[in-house]
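Heads up, the thing below is written out as structure tokens.
In what follows, every heavy atom counts, from backbone to side chain, and hydrogens, waters and symmetry copies are set aside.
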Amino acid sequence: MTQDNMKKTYHILAVDDDREICTLLAEILSKHGFKVSTAANGAEMEKILEQHQVDLILLDVMMPGDDGITICKKLRLSSQMPIIMISAAGEDDDRITGLEVGADDYLAKPFNPKELLARIDAVLRRATTADGKKYYNAFCFNHWILHINKRCLISPENVTMPLGSAEFDLMMIFLNNPQKLLSRDDITKITKNRESSPYERGPDMQISRLRKKIEKDPKHPEYIKTVRGGGYIFSENVTKKRCL
């Protein structure tokens, strides 16, 4: 398979509030065989990710609302999807910040189209393992599948279960830390970025709701088990895979 033919399988999402930049990126990438979608902000990006399989995101740093740094941080909580930050800010500090929050590469505006294409190729190659598998976008446990981009859970009976934001975040915490004891404080730190209070029952309530969705008997859970005086542990083996 030639390089050009391989490119036709990749879907690139450009996120930039400058419509002219999005149009330019779409023209450049389309000419080289990529499928391209564009979004003006994080909200539009999330809608596209829910509906389509995307292979790489070109993410502008300076945008109204959530900026690229904030969006990148959020994406990295649930996905290893390749991200290239693009910004008019080309200072070393900005590059370092972009890479520290999880971006795979950083390109300053104005960019050379050839350099952009070269960086995309390089990042996509790094995201593809030797056996041809790309980055994962789903977790699997005991025939359950959590689709990261679609933010939904598929039961062994192939029933789709939409998850609320708190439920999804909680599932991500457990599936990223299988068979590891997590205290209430651990869960609060990850989900709320703060210490839990002595009387906080938020994690317990969220776990109770989640158990009702995934456990055959929520009162005697098989997956999310309570460790008296310690917290919770997700007892199943978890694997990562790429789903269409």
Quick one: side chain to side chain donor-acceptor pair (under 3.5 Å) partners of Asp17, sequence neighbours excluded? none
To the nearest 0.5 Å, how far apart are CG in Asn177 and CE in Met172? 10.0 Å
Flag if over 12 foreign heavy atoms under 6.0 Å of CG, Asn158: no
With rounding to the nearest 0.5 Å, note down the distance linking NZ in Lys212 to CD1 in Ile207. 13.5 Å
Holding to side chain to side chain contact (heavy atoms under 4.5 Å, CB included), I want the full list of residues that pass it with Asn112, two or more places apart in sequence or in another chain. Lys114, Glu115
Kindly compute the distance separating CD1 (Ile84) from CG (Asp60), expressed to the nearest 0.5 Å. 13.5 Å
Evaluate the ring planes of Tyr223 and Phe234, with Trp represented by its six-membered ring, and classify them as parallel (under 30°), tilted (30 to 60°) or perpendicular (over 60°). parallel
Under a 3.5 Å threshold, yes or no: a donor from one side chain and an acceptor from the other, between His11 and Ser37? yes
Is the shortest side-chain N to carboxylate O distance from Arg211 to Asp204 below 4.0 Å? no
Under the rule for salt bridge (Lys or Arg N to Asp or Glu O under 4.0 Å), what residues qualify as partners of Lys47, not counting sequence neighbours? none
Taking only residues two or more places apart in sequence or in another chain, which ones pass salt bridge (Lys or Arg N to Asp or Glu O under 4.0 Å) with Glu236? none
Suppose we screen for side chain to side chain contact (heavy atoms under 4.5 Å, CB included). Which residues come up paired with Ile233, at least two apart in sequence or across chains? Lys225, Val227
Taking ILVMFWY side chains as joined if any heavy atoms are under 4.5 angstrom apart, and letting links pass through other members, which residues group with Val159? none
